[in-house]
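For reference, the structure is listed below as structure tokens.
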Amino acid sequence: MRRKPVLYFKEDRRFLWGRCTVYKLFGLCTALVFLSLLWLQLSCSGEISSEDARRLAAQQRSPCPAESQASAGDDPAWGPHKLALIVPFRERFEELLVFVPFMHNFLNKKKIRHKIIIINQVDHYRFNRASLINVGHLESGNDTDYLAMHDVDLLPLNEALDYGFPTSGPFHVASPELHPLYHYKTYVGGILLLTKQHYLMCNGMSNRFWGWGREDDEFYRRLRKAELQLYRPSGITTGYKTFMHIHDPAWRKRDQKRVASQKQEQFKVDPAGGLSNLQYQVESRQELSVSGAPCTVINTKLECDQSQTPWCLLV
């Protein structure tokens with residue numbers, strides 16, 4: 001589509017193992033259904049060892065090692081550009097099992113060369129989405145020339161959405177007119193595409209935002225400072241049903257605490273921080289497959305200067 005610019009209980013054994021075969025049959029059927037659903041949830045193209053599983057922080061279900069075959073999302077005939085789909089991540093494994101195959105199939109249908117990169121934060125600091133995206137940019141490899149800053153809980157439902165190379169300038173796929181939650185004009189979160197060159201012009205994102213929120217608002221100011229024209233979708237008629245938001249806030253609450261001076265600092269511009277002062281370690285890198293869809297998981301430990309941002313510590 002054309003783009004438009006914008007600024008418990010004890011068990012009664014007699015009950016379970018008594019003479020009543022109806023209850024036995026019911027219990028057996030229930031168990032079989034449960035095991036079938038679990039198998040479907042975990043089914044994939046290979047196997048993963050328990051050691052590999054522990055390397056992914058606090059996970060409840062594991063993806064599988066990727067096969068050695070070439071990724072179906074990297075067909076040179078689809079054009080010269082290749083997308084690094086960067087997903088800042090921590091502990092949302094149920095969502096990841098949905099996200100990876102969904103996005104792989106979505107981008108394949110659109111013939112977008114791509115690789116999905118999960119930047120998994122495994123340190124003991126608060127979640128830092130912006131720093132993880134910075135890591136994704138640096139670790140994405142020379143075979144990609146543009147990136148998507150992509151939330152793991154946001155799935156595009158309209159195939160008319162453009163994930164192509166943003167030649168003219170940063171392209172905000174999850175625009176305020178389409179995002180199911182955030183509708184203010186300066187919002188640039190959710191899904192944002194930009195070339196690696198444009199990301200460098202902004203010095204990436206600020207590393208000062210520990211906990212949830214505000215990093216996107218600061219990045220909007222960086223886009224303006226770099227004099228980059230922001231574009232958004234046009235001609236999309238599905239409105240707030242354009243995306244599926246699979247995050248369940250009732251049982252997975254976000255860390256939105258504002259600690260001490262963080263309350264004031266969160267609204268300030270970070271004039272120098274970003275790629276230039278990012279500190280991190282890659283603990284491991286794993287090539288995995290989720291229901292046949294390949295992805296790379298980079299287990300990352302961020303570092304925090306507590307004299308500058310004491311609110312990085314979990315409280």
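Side-chain atoms are counted along with the backbone in the values below, which use heavy atoms only and exclude waters and symmetry mates.
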Closest non-hydrogen atom pair between Asn203 and Ala272, with its separation: ND2-O, 3.0 Å

Ring pair (Phe, Tyr, Trp, His ring centres under 6.0 Å) involving His198 - partner list, sequence neighbours excluded: none

Spacing of CZ belonging to Phe243 relative to CG belonging to Leu181, to within rounding of 0.5 Å: 11.5 Å

Test item: side-chain donor near acceptor, Thr242 and Asn158, under 3.5 Å: no

Distance col, row Tyr280:OH vs Ser131:OG, nearest 0.5 angstrom, shows 11.0 Å

With sequence neighbours left out, the residues meeting salt bridge (Lys or Arg N to Asp or Glu O under 4.0 Å) with Lys82 are Asp74, Asp143

Asn120 side chain to Val297 backbone, donor-acceptor under 3.5 Å: no

With distance as the sole test, does Arg208 use its side chain to make a donor-acceptor pair with the main-chain N or O of Thr309 at under 3.5 Å? no

For the pair Arg232 and Glu177, evaluate salt bridge (Lys or Arg N to Asp or Glu O under 4.0 Å) and give the outcome as yes or no after the intermediate values. CA-CA 9 Å; Arg232 287 184 171 134; Glu177 298 86 1; 5.0 Å; no

State, without any angle test, whether Lys196 and Thr144 hold a side-chain donor-acceptor pair at a distance under 3.5 Å. yes

With the side chain counted from C-beta on, respond yes when Phe219 and Glu215 share a heavy-atom pair under 4.5 Å apart, and no when they do not. no

Tell me whether His124 at atom NE2 has more than 12 heavy atoms from other residues, nucleotides or ligands lying less than 6.0 Å away. no

Within 6.0 Å of NZ in Lys110, more than 12 heavy atoms from elsewhere: yes

Smallest separation among heavy atoms of Gly274 and Asn134, with atom names: C-ND2, 3.9 Å

Apply the test side chain to side chain contact (heavy atoms under 4.5 Å, CB included) to residues Leu192 and Leu230: give CA-CA distance (whole Å), side-chain angles for both, the deciding distance (0.1 Å), then the verdict. CA-CA 10 Å; Leu192 179 66; Leu230 179 68; 4.0 Å; yes

With side chain to side chain contact (heavy atoms under 4.5 Å, CB included) as the criterion, how do Leu147 and Ile117 come out once you've worked through the C-alpha distance, each side chain's angles and the decisive distance to 0.1 Å? CA-CA 10 Å; Leu147 58 87; Ile117 306 174; over 6 Å; no

Out of the candidates Arg222, Arg129, Arg221, only one should pair with Asp216 under the salt bridge (Lys or Arg N to Asp or Glu O under 4.0 Å) rule; please name it. Arg129

Sequence neighbours excluded - salt bridge (charged side-chain N to carboxylate O under 4.0 Å, His left out) pairs with any residue from residues 233-245: none

Does Asp217 have any side-chain hydrogen bond (donor to acceptor under 3.5 Å, both in side chains) partners at least two apart in sequence or in another chain, and if so, which? Tyr184

Closest contact, heavy atoms only, Pro101 versus Ala293: CA-CB, 3.6 Å

Intermediate values then yes/no, side chain to side chain contact (heavy atoms under 4.5 Å, CB included), Asn108 and Asp75: CA-CA 9 Å; Asn108 279 351; Asp75 188 340; over 6 Å; no

Looking only at side-chain N and O atoms, does Gln286 offer a donor or acceptor that is under 3.5 Å from a partner on Asn299? yes

Under a 3.5 Å cutoff, is there a donor and acceptor pairing between the side chains of His179 and His245? no

So, does Gln121 use its side chain to make a donor-acceptor pair with the main chain of Asn128 at under 3.5 Å? yes

If we ignore hydrogens and angles and just use 3.5 Å, is the side chain of Arg113 paired with the main-chain N or O of Gly79 as donor and acceptor? yes

Before giving the answer on side chain to side chain contact (heavy atoms under 4.5 Å, CB included), spell out for Phe102 and Leu157 the whole-Å C-alpha distance, their side-chain angles and the decisive distance to 0.1 Å. CA-CA 10 Å; Phe102 183 97; Leu157 300 180; 4.2 Å; yes

For Ala148, what residues pass the side chain to side chain contact (heavy atoms under 4.5 Å, CB included) criterion, not counting sequence neighbours? Leu83, Leu85, Leu193

Can you name the side-chain hydrogen bond (donor to acceptor under 3.5 Å, both in side chains) partners of Tyr125, sequence neighbours left out? none

Is there a side-chain contact between Asp123 and Arg90 (heavy atoms, below 4.5 Å)? yes

To the nearest 0.5 Å, what is the distance between CG (Leu154) and CE (Met103)? 9.0 Å

Side chain to side chain contact (heavy atoms under 4.5 Å, CB included) filter on Asn105, not counting sequence neighbours, yields none

Pairwise distance CG(Asp153) to CD1(Ile246) - rounded to 0.5 angstrom: 6.5 Å

Within-4.5 Å side-chain heavy-atom neighbours: Cys295 and Leu288: yes

I'd like to know if the side chain of Asp162 and the backbone of Pro233 have a donor-acceptor N/O pair within less than 3.5 Å. no

Using the side chain to side chain contact (heavy atoms under 4.5 Å, CB included) definition, which of the options Val188, Leu194, Ile191, Ile86 pairs with Met149? Leu194

Taking the side chain as everything from C-beta on, heavy atoms only, tell me whether Pro170 gets closer than 4.5 Å to Leu223. yes

Flag for Thr195-Gln197: side-chain donor and acceptor within less than 3.5 Å: no

Apply side-chain hydrogen bond (donor to acceptor under 3.5 Å, both in side chains) to Thr300 and list each qualifying residue two or more places apart in sequence or on a separate chain. none

Could you check, using the six-membered ring where one of them is a Trp, whether His114 and Tyr163 have ring centers closer than 6.0 angstrom? no

List the residues meeting side-chain hydrogen bond (donor to acceptor under 3.5 Å, both in side chains) with Lys225, not counting sequence neighbours, and say none if there are none. none

Report yes if the side chains of Leu228 and Met201 come closer than 4.5 Å at any heavy-atom pair, otherwise no. yes

Between His172 (side chain) and Tyr187 (backbone), is there a donor-acceptor pair under 3.5 Å? yes

Of all residues at least two apart in sequence or in a different chain, which pass the disulfide bond (SG atoms under 2.5 Å apart) check with Cys202? none

His81 meets the side chain to side chain contact (heavy atoms under 4.5 Å, CB included) criterion, sequence neighbours left out, with Asp145, Tyr146, Phe165

Have Asn277 and Gln279 got a donor and an acceptor in their side chains that come within less than 3.5 Å? no

Would you indicate whether the side-chain heavy atoms of Leu155 and Phe99 approach each other to under 4.5 Å? yes

Can you tell me how far apart NE2 (His183) and CG (Leu178) are? Round to the nearest 0.5 Å. 9.0 Å

When rounded to the nearest 0.5 angstrom, what distance separates CG in Leu278 from CD1 in Ile133? 11.5 Å

The criterion is side chain to side chain contact (heavy atoms under 4.5 Å, CB included); which residues satisfy it with Glu227, sequence neighbours excluded? none

Do Lys115 and Pro294 have side chains that approach each other closer than 4.5 Å (heavy atoms only, starting at C-beta)? no

Quick one: does Leu275's side chain get under 4.5 Å of Leu200's, heavy atoms only? yes

